[in-house]
Amino acid sequence: MADAAEIQGPSASPARRRLRRAGALLAGAPLLAGLLQLTAAEPAQAAPADSVSVALDSLTPSAPTEDDTLTVSGTVLNNGRQSVTGAHVGLRVGPLLNTRSAIDGIAQHPDDLRGDAGDELGGKYTQKFSTLIPGVAEHFSISVPVDELDLGKDGVYSFGVSVSGKTSARPWDQMLGIERTFLPWQSSEADTKSRTTFMWPLISSVHMTARTSAGERQTPVFQDDQLAKEIAPGGRLAQMMDLGRDLDVTWVIDPDLLAAVDAMANGYRLQQPDGTSKAGSRENQDVAKQWLAGLQKAVADKEVVALPFADPDLASLAHTGTSVTGSLSHLKDATDVAALTVKTVLHVTPTTDFAWPVDGAVDPSIIKVATSAGADRVIARSDSLRESAGLPYTPSAARPIGGGTTAVVADARMSTAFEGDLTKADSSTLAVQQFLAQSLETNVQKDEQRSIVVAPQRTPTASQAQAMATAVKALQDGNWSQPETLTGAANAKPDPDATTRIPSTSAYPSSLRKQELPRSAFEQIANTQDKLDNFQVILTDQSRVVTPFGRAINRGMSTAWRGQAAKADGFRADVLSYLDNLGGQVKLIDKSETKLSGRSATIPVTVQNNLVQPVGHLYLRLSSTQPTRLKIAGKAYDEQPVEVSGGHSQSVKFTTSANANGRATVLAQLYTEDGQEYGDPVSFDVKVTEVTPTVMLVIGGGVLLLVLAGFRMYTQRKRAAARQAEEEGPDEAEADSGDESGNPDDAGDRLPEESGPSAGAGGPDQPGDPVTDTAPESADPSDTGERVDR
């Protein structure tokens, strides 16, 4: 048209040109009016051009070869108001896509009619419908030999399923809807194959509490039965285990999940709203045993990567946790216990030198925290560690970032391919085809073998897992990729042109930062740890408390809490509350006012232990707030060691001396061996009433009068007896003399022996004080872990 515009004929006169323009306007007026009327009427009469939607439910095989037959099935739905007549569904092979961004464009708008859809195959490779009624879905299925598709060069082709037909407003054949996807085409074995690592995550939310039942087994208490649903046949984790069994993947496992399922398999309890717990079902125990047995077989010959216990949130630790003393020590504990847990439950030795921040988003502080517990390989993602050199290809995953640390950069496009709602067959099929297209396009970018890592979302749904498995299976059966372990990808030769620059902290995504644990969470964890440290020193079997609470602290900083701030805070508060409850089972018994008569006396203070295990390494200190009036063992305070058996009480006695009459306040406090206060103090008053010489004189005079009165009565009885004997005669007097020896009535003159609880040195020193050692009221195990109910 440009060339034609440049060819000019003889110039016409101005008058002649005006006459021609007027004639043209008059001649075109009726035609213009008609077009305007048709355009105005069109929206009211005709359905939109894309009024029929196409759902591509199945495309098999996903990556066909030249000897295959491609089968495409799905549904079409007339969304307009008018029926479509003479409709048919056809297949269209579009152009070869030469870039990964071109794949992105089609994936973002798969139903766009304006794109290059390619020519329809036509003929017998169509399915016809006489009428498509509005609102009624129609199923279609078309099979075509791959050699009929006329595919040329290896690569990724745009592939579409279209529906065409007529409407009353548009009575001519037209394309009314389309669904576009991708057809990966590698006709034979590729000369160079990508090494692909697919991480298969077995991670769940937090299920176990810090609570355990009493007894030797310490049966764990679960928050709910949600885990049983996940591992039951058909559940999310059951499907993850079943699907992963036949795939060449690297298993990435949270040891806390294994610990929870193992605990369930051996008997568990469920927490109740009133604070008690009830036994879990036998059926769920069997389900847990079956799941573990299946998983042991599934991972037997595969690489297993163990995350730190409970999958700690590394970004939260880096951004807020490091400002709270002791937070990083929990990450070290979680890493140390990870390998032992996996080996104990699965009987395999896992790799523990990988750290996996959320979504692979990294910054210098996250790298520092991730490597602080011994991990020297950090799983990042390419949308965080972005290429800045304008490379025309995707480099290998391994990137040396300094300090002996390797960033293993997962491909962002392939890692996020299975996010979103994949419950519908259409969305699942598109996700699989997009993943395979990105994989093949990556391979054809460069004639050099590279290592590609796929790190999907941490907790895929069942439908997402099914799509992932379909894609991995197709990739394994394809001609351009071969499986590789995560360790192999980390050890691969890095690309010298790939970026190794870690993005700044300010570049960390704000959407992820909003979900992080706040500083208050780590302060709460630190408070719990301090109390645990203070509590465990008095225990004879520390593992009964340290282990369940240590793991609960790990769970309190789990990545699983992202987006669930209220639940996370409630969990940590419950752990702290239960620890306070246990610590409070070792305490001093309140004591009422004590009266001392005299200058010295013994005061008992009782320590009660409601735990099931003995406690020791404690000292009881009794202090006088007025040492000038009352001293403890001759000084202001005295302390004695305390050891109390489980479920018992022990009275500790202190000698006191008074210097003056009146009240003196005494304070009793337990201390640990390292001098830390333990529990609440108990204070009570001691009232001193000194015995004066005047009082002693009065008491002595009274005793003397009693003795004299008794002697007088005795002599009077003897004299009366003598007179009676003289009057009765010698024989009767001799008979009566037998009453003075061996007669039981004479026992009334002797003082009785002491009896009752106050007899002997072992009785209480003050009214109402318990005996030295008291047994528990019930020997049956209680339902509160270490506590003994009274």
Side-chain angles (χ1 to χ4, degrees), residues 63 93-110 115-116 118 151-159 180-198 359-362 379-401 406-417 431 433-455 471 475 478-484 488-504 507:
V93 178
L96 182 67
L97 304 175
N98 296 317
T99 63
R100 300 188 71 181
S101 58
I103 297 174
D104 295 337
I106 292 177
Q108 292 172 1
H109 306 285
D116 186 357
L151 300 174
K153 183 180 177 182
D154 292 343
V156 179
Y157 288 84
S158 171
F159 183 78
R180 292 195 297 168
T181 184
F182 312 99
L183 197 63
W185 172 244
Q186 182 68 44
S187 58
S188 59
E189 293 285 334
D191 294 335
T192 303
K193 290 186 176 183
S194 297
R195 293 190 296 255
T196 306
T197 300
F198 201 104
D359 288 355
V362 294
I379 302 169
R381 209 166 68 182
S382 60
D383 53 353
S384 177
L385 207 67
R386 297 178 182 271
E387 295 302 323
S388 55
L391 293 180
Y393 60 88
T394 301
S396 281
R399 317 286 174 84
I401 56 176
T406 299
V408 182
V409 183
D411 186 82
R413 288 181 171 101
M414 297 170 67
S415 297
T416 59
Q433 295 306 124
Q434 180 183 356
F435 173 86
L436 295 174
Q438 291 287 0
S439 175
L440 178 55
E441 188 62 37
T442 299
N443 188 66
V444 301
Q445 286 176 338
K446 189 177 183 181
D447 189 18
E448 183 177 326
Q449 192 172 54
R450 286 157 291 152
S451 294
I452 306 300
V453 172
V454 181
L475 195 63
N479 294 328
W480 68 87
S481 176
Q482 65 186 49
E484 184 176 40
N491 292 335
K493 181 181 179 181
D495 190 322
D497 296 324
T499 185
T500 58
R501 180 178 177 274
I502 303 299
S504 65

* Asked: Taking it one step at a time, do R100 and Q445 satisfy side-chain contact (heavy atoms from CB on, under 4.5 Å)?
  -> CA-CA 9 Å; R100 300 188 71 181; Q445 286 176 338; 3.3 Å; yes
* Stepwise side-chain hydrogen bond (donor to acceptor under 3.5 Å, both in side chains) test for S396 and D495 -> CA-CA 6 Å; S396 281; D495 190 322; over 6 Å; no
* **side-chain contact (heavy atoms from CB on, under 4.5 Å) between Y393 and D497, worked out** => CA-CA 11 Å; Y393 60 88; D497 296 324; 4.0 Å; yes
* When you look at L183 and L151, which way does the side-chain contact (heavy atoms from CB on, under 4.5 Å) test go after all the steps? -> CA-CA 10 Å; L183 197 63; L151 300 174; 4.0 Å; yes
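Within the 3.5 Å criterion, the main-chain N or O of A361 finds no donor-acceptor partner in the side chain of R381. N443 places no side-chain N or O within 3.5 Å of a backbone atom of S481 that could act as its donor or acceptor partner. With hydrogens and angles ignored, the 3.5 Å screen pairs a side-chain donor or acceptor of D154 with a backbone N or O of S187.
When all heavy atoms are compared, the tightest approach of T500 to I401 is O-CG2, 3.7 Å. Counting all heavy atoms, side chain and backbone alike, A412 lies closest to T416 at O-OG1, 2.8 Å. A63 and W480 make their closest contact through CB-CH2, 3.8 Å (heavy atoms, listed as atom of the first residue, atom of the second, distance). Listed here is the closest heavy atom pair of L436 and A471: CD2-O, 3.7 Å. When all heavy atoms are compared, the tightest approach of S388 to T499 is OG-OG1, 4.1 Å. Of all heavy-atom pairs between L440 and G155, the closest is CD2-O, 3.4 Å.
A heavy-atom distance below 4.5 Å is found between the side chains of V454 and F435. Residues I452 and T394 form a side-chain contact, since some pair of their non-hydrogen atoms from C-beta on lies under 4.5 Å apart. With contacts defined as side-chain heavy-atom distances shorter than 4.5 Å, the pair D411/V453 does not qualify. With contacts defined as side-chain heavy-atom distances shorter than 4.5 Å, the pair Q433/Q438 does not qualify. Looking at heavy atoms from C-beta onward, I103 lies out of side-chain contact with T99 at the 4.5 angstrom threshold. A 4.5 Å side-chain heavy-atom check between Y157 and L97 finds every atom pair outside the cut-off. No side-chain heavy atom of L475 sits less than 4.5 Å from a side-chain heavy atom of F198. Put simply, the side chain of S382 does not reach to within 4.5 Å of the side chain of E387, judged on heavy atoms.
For the atom pair S158 OG and D116 CG, the distance stands at 7.5 Å (nearest 0.5 Å). How far CD of E441 is from OG of S439: 10.5 Å, rounded to the nearest 0.5 Å.
Judged by distance alone, the side chains of S451 and E484 do bring a donor and an acceptor atom under 3.5 Å apart. Side-chain polar atoms of T196 and S194 form no donor-acceptor pair below 3.5 angstrom.
In this structure, R450 has no salt bridge (charged side-chain N to carboxylate O under 4.0 Å, His left out) partners at least two apart in sequence or on a different chain.
The stretch residues 180-193 participates, sequence neighbours left out, in these salt bridge (Lys or Arg N to Asp or Glu O under 4.0 Å) pairs: E189-K193.
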